[in-house]
Amino acid sequence: MRAHAFAIGDNPDRYLRGLDGSPCVPPSLLVNDLLKMVLLGYDGSNGAYGGLHTKAVIDYLAPLAIGERVTVTGTHVAKYVRKGRRYRTLLSQAVRHDGLVIARLLATETVLYDVTDRPDEGDIPRHWASHLPHVDGRVPDGDALRAQPGQALAEGMVLGPMARDVSIEQSVVFSGYPFSWAQEKPVAVRQSLHTNPDVARKAGYSAPVAQGMLCAGHHTSLLLDHFGARVMQGAQLALSFVSPILVGTTLHSHALVDEEVNAGGTRFTGLRVATRNAEGQLVAAGHARVPV
């Protein structure tokens with residue numbers, strides 16, 4: 001738990017104190033494990049099927065206490081080609097010992113990094129945010145619109161921006177140390193473009209590329225600041241990772257309060273979320289909703 005909090009730049013004390021009065025696991029910790037299920041089907045055998053994570057749809061369904069055991073399962077549900085790139089989509093979930101589903105993830109990655117001459121084929125899986133408008137990531141001007149934790153929220157208010165550094169050490173802890181099993185021969189730290197500068201250079205990057213899931217961790221922290229334990233009781237995030245995050249940058253994440261929506265008999269506060277790097281480049285964008 002402490003390692004994950006360090007990796008996403010969060011304070012572990014709030015999880016040790018508990019968001020609902022008892023110590024709990026950061027909800028975003030499980031999401032990275034859900035994503036790593038893709039390694040069992042591809043990378044675990046020979047490491048030949050690396051790729052870039054492009055989309056994540058996350059459901060936080062229930063809190064998890066520190067020390068509880070969960071079972072993580074997943075299956076590939078789609079494969080498709082768009083503009084010459086091959087993609088695969090994984091649906092995975094974490095289930096508590098009593099059968100309660102804690103978190104669910106629908107994740108899409110590229111298959112390798114190349115662009116082929118194959119025509120478009122296959123269907124892109126749809127989800128609750130598929131029909132929502134594109135998010136450009138612009139933050140409205142005006143300090144009066146910026147919400148403070150605990151303040152009643154209204155449409156048009158801005159949560160954040162929240163600034164968090166992304167170092168090579170954080171990338172190694174987030175992507176390498178917990179997943180050393182995902183190699184043909186086990187090592188102390190999983191070697192990938194997220195953790196090894198040489199691997200990143202061979203893939204065409206000047207520095208290791210932090211996982212887009214770091215943005216999910218940042219946005220989850222931002223939502224926890226304003227909504228507290230409600231985040232772990234039905235909040236949803238739908239993110240597209242639009243640009244690589246090179247380590248050594250500072251990420252700035254914000255959420256723009258949208259209109260309330262009703263889905264399946266539950267009222268949600270809708271939000272448009274985005275993250276930019278230190279140069280102002282948009283690296284992630286999408287939507288979130290939190291039960292009212």
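Atom set for the values below is all heavy atoms of this structure, side chains included, hydrogens, waters and symmetry mates excluded.
Under the rule for a ring pair (Phe, Tyr, Trp, His ring centres under 6.0 Å), H252 has no partner lying at least two apart in sequence or in another chain. Every residue two or more places apart in sequence or in another chain was checked for a ring pair (Phe, Tyr, Trp, His ring centres under 6.0 Å) with Y205, and none qualifies.
Evaluation of the salt bridge (Lys or Arg N to Asp or Glu O under 4.0 Å) test over residues 200-224, restricted to residues two or more places apart or in two chains, returns D198-R201.
To the nearest 0.5 Å, atom CE of residue M162 and atom CG of residue L223 are 9.0 Å apart.
Between P149 and F227, every side-chain heavy-atom pair lies at or beyond the 4.5 Å cut-off. The closest side-chain heavy-atom distance from R96 to L64 is below 4.5 Å. Residues T89 and K79 are not in side-chain contact: their nearest non-hydrogen atoms beyond the backbone lie 4.5 Å or more apart. Two residues are said to be in side-chain contact when any heavy atoms from C-beta on lie closer than 4.5 Å; V31 and M213 meet this criterion.
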Under the criterion side chain to side chain contact (heavy atoms under 4.5 Å, CB included), I'd like the reasoning laid out for L271 against L256: C-alpha separation, chi angles, the key distance, then a yes or no.
CA-CA 5 Å; L271 304 109; L256 176 65; over 6 Å; no
CA sep, side-chain torsions, deciding dist, call: R164, S221, side-chain hydrogen bond (donor to acceptor under 3.5 Å, both in side chains)
CA-CA 11 Å; R164 289 195 172 169; S221 295; 3.1 Å; yes
Apply side chain to side chain contact (heavy atoms under 4.5 Å, CB included) to residues Y60 and T220 and explain how you reach the verdict.
CA-CA 10 Å; Y60 294 127; T220 301; 2.8 Å; yes
Let's go through V95 and V70 carefully: what are the C-alpha distance in whole Å and the side-chain angles of both, what is the deciding distance for side chain to side chain contact (heavy atoms under 4.5 Å, CB included) to 0.1 Å, and is it a yes or a no?
CA-CA 5 Å; V95 182; V70 297; over 6 Å; no
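Other cluster members for V261: F268, joined by side-chain heavy-atom distances under 4.5 Å among Ile, Leu, Val, Met, Phe, Trp and Tyr. Within the hydrophobic cluster formed by Ile, Leu, Val, Met, Phe, Trp and Tyr side chains joined at under 4.5 Å, directly or through other members, L132 is accompanied by V57, V77, L91, L106, W128.
Judged by distance alone, with hydrogens and angles left aside, the side-chain atoms of S22 form no donor-acceptor pair with the main-chain N or O of G18 at under 3.5 Å. Put simply, the side chain of S92 never gets that close to the backbone of G74: no donor and acceptor are under 3.5 Å apart. Here the side chain of R82 pairs a donor or acceptor atom with the backbone of G122 at under 3.5 angstrom. The backbone N or O of G280 lies less than 3.5 Å from a partner atom in the side chain of N277, making a donor-acceptor pair. When atom types are taken as modelled, the side chain of Q170 and the backbone of F6 share a donor-acceptor pair closer than 3.5 angstrom. Side-chain atoms of H287 come within 3.5 Å of backbone atoms of P133 as a donor-acceptor pair (strictly under, hydrogens ignored). Without hydrogens or angle criteria, S130 side chain to H127 main chain gives a donor-acceptor distance under 3.5 Å. Side chain of D123 to backbone of Y80: no donor-acceptor contact under 3.5 angstrom is found. The backbone N or O of V72 lies less than 3.5 Å from no partner atom in the side chain of D33, so there is not a single donor-acceptor pair.
Checked for salt-bridge contact, D10 and R2 miss the test: no charged N lies under 4.0 Å from a carboxylate O.
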Tabulate below the donor-acceptor pairs under 3.5 Å that side-chain atoms of residues 236-246 make, not counting sequence neighbours, or state none.
from: Q236; atom 1: OE1; to: R289; atom 2: NE; distance (Å): 2.4
from: Q236; atom 1: OE1; to: R289; atom 2: NH2; distance (Å): 3.0
from: Q236; atom 1: NE2; to: D59; atom 2: OD1; distance (Å): 3.1
from: S240; atom 1: OG; to: K55; atom 2: NZ; distance (Å): 3.3
from: S243; atom 1: OG; to: Q281; atom 2: NE2; distance (Å): 3.4
from: S243; atom 1: OG; to: L282; atom 2: O; distance (Å): 3.1

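Among D114, T116, T110, the one residue that satisfies the side chain to side chain donor-acceptor pair (under 3.5 Å) test with R86 is D114.
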